[in-house]
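Below is one structure, written out as structure tokens, with a few remarks after it.
Reckoned from all heavy atoms, side chains included, excluding hydrogens, waters and symmetry mates.
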Amino acid sequence: MKIDIFNEIQDPKPWLEQHEHLRFTQALEQAELADRLGYGCWWQVEHHGAEQFSLSSAPELLLAAISQRTERIRLGHAAALAPGAINHPVRVAERAATLDHLSGGRVELGLTRSTPPEWRLFGVDPETAAGQTDEAFGLIPKLWTSDRANHDGRYFQVGDVPILPKPYQRPHPPLWQAASSPASFEDAGRRGVGVLGTTLWEPLERVRRMVELYRAAAERCTDPVGAFVNNQIAFFTFVHCAETDEQAVFEAAAAAAAWYTVTALNFFEAASAFALTYARQMELMEDPAGGGLAGQFHRDEAASGAELNPAQMAVGAIMQGGSVPDAELFEALNEQGSLIVGSPETCRAKIQAYADLGIDRLMCFHQVGSIPHERVLESMRLIGGLIPEFDG
């Protein structure tokens, strides 16, 4: 299992003078350290209008800067927002190919349909977001591999135009899809692209079943959207390592995990998103044709009769506008095994639990909330010392 880095450039208040500039310089320092320590890939998100939650509105520019300061670490866009009003597929293809040349062939490209607040910002019709994302997945690798692009789709048209440059990697960089639900995991496998998920709020047993679902879908893929099937699974979760378990928790890990949970659920408008996801889940479960692998996943889950665990109940309370004390939320998340917080010995055992699930890449989310930059660097160093044990 590769040990990677996941980054959002979080910028929580209170803000110092020139706080934005400081966050970018810190991110560059973290990327240089990650390269020296042997982390496999630096994954940079794309968000817009996110205020404290993320300054990463132009990830391709940050990744270009990182490419000139590093030598071996791969550079992942996790993920480009695929609706055309945000990122037209031609621009995604051009930027990713350019970055691939600047980095000497180190690019990994993810796509996602984005979220309601970003749809509103860019005037995207929510009813077309999934369709535009699906079309972009099929179009971008064609733009990379065709001398002259011809495409007449429902959402995008390209008429006999050379789209340049072509990527440095041949036939093209690996493709990924950001996913959070069983249906989106199945979609990624069906497309033959890698899947980028989060375990931050998921019990590991459910993660194991999501891994199995994706693998089954990917193994059935005979017509990938790209030139090859990228059968890989990457998950990100909050990681903070210190010399002792107590030090890790007291170095703001508990507060950071709680801050991130509340801020993320609010930014992504999780309550309304959950309602849409639940409606889709019921549709799949009741589909006379079976609803595919995701439909069976949900039927099995319903038949198990499993009760919500404390972490799921805490997240549900926040989604409904309630509040949960930081320590209580952290303990609930930590208890279900989804966080990697503690001493090197504790983190080693928690990382091994992820490796045992058959995950290909663990994206360590180090820079979270108000954890000081120096503590982030030290956490990275301690986890870096464990990398050879997993990336053999």
Side-chain angles (χ1 to χ4, degrees), residues 1-8 27 30-45 59 63 66-67 70-79 96 99-100 103-110 169 172-179 185 188-189 192-200 202 204 207-208 210-212 214-215 218 226 228-241 337-341 344 347-368 376-377 379-392:
M1 181 176 72
K2 300 287 187 184
I3 307 297
D4 295 345
I5 292 263
F6 181 86
N7 186 266
E8 292 186 330
Q30 291 161 18
E32 292 175 23
L33 178 62
D35 187 52
R36 295 195 299 271
L37 291 172
Y39 282 83
C41 184
W42 178 282
W43 296 93
Q44 193 66 42
V45 304
L63 291 172
I66 292 173
S67 77
T70 57
E71 296 180 356
R72 45 150 303 280
I73 194 168
R74 294 189 67 80
L75 306 172
H77 193 154
L99 178 61
D100 207 35
S103 65
R106 291 186 275 151
V107 167
E108 309 268 340
L109 178 66
Q169 297 176 80
H172 58 70
L175 287 167
W176 298 77
Q177 175 180 337
F185 268 66
V193 303
V195 67
L196 301 164
T198 175
T199 66
L200 191 59
E202 296 280 11
L204 292 192
V207 172
R208 179 189 64 78
M210 300 271 269
V211 168
E212 292 175 351
Y214 169 81
R215 294 294 190 203
F228 56 92
V229 175
N230 182 30
N231 188 344
Q232 290 194 76
I233 299 171
F235 273 97
F236 88 83
T237 193
F238 175 39
V239 177
H240 188 70
C241 190
S338 57
L339 307 183
I340 299 176
V341 174
C347 290
R348 177 186 290 110
K350 288 177 174 287
I351 292 172
Q352 185 61 56
Y354 278 96
D356 291 343
L357 296 175
I359 292 170
D360 300 294
R361 314 191 76 106
L362 179 65
M363 301 182 287
C364 298
F365 191 14
H366 285 290
Q367 193 264 316
V368 181
V376 171
L377 296 177
S379 177
M380 290 174 59
R381 292 187 188 99
L382 292 171
I383 295 297
L386 303 177
I387 288 176
E389 300 179 32
F390 296 95
D391 185 14

Pairwise side-chain contact, [X] with [Y], heavy-atom cut-off 4.5 Å (strictly under):
X    : Y    : answer
L382 : C347 : no
T198 : F365 : no
Q30  : Q367 : yes
H77  : L99  : no
P174 : E108 : yes

Q352 CD: over 12 foreign heavy atoms closer than 6.0 Å: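 Check passes, neighbour count above 12.
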Sidechain N-carboxylate O distance under 4.0 Å for K2, D360: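 Salt bridge: no.
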Nearest heavy-atom pair of [X] and [Y]: which atoms, and what distance?
X    : Y    : result
P344 : L386 : O-CD1, 3.8 Å
V45  : P59  : O-CB, 3.3 Å
K350 : L339 : CD-O, 3.3 Å

R361 side-chain N/O to Q232 backbone N/O, donor-acceptor pair under 3.5 Å: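 Such a contact is absent between R361 side chain and Q232 backbone.
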The single option from R74, Q169, H172 passing side-chain contact (heavy atoms from CB on, under 4.5 Å) against V107: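 By the side-chain contact (heavy atoms from CB on, under 4.5 Å) criterion, V107 pairs with just one of R74, Q169, H172: Q169.
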Given F6, F185, Y354, the one that forms ring pair (Phe, Tyr, Trp, His ring centres under 6.0 Å) with F235: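 The option that passes is F185.
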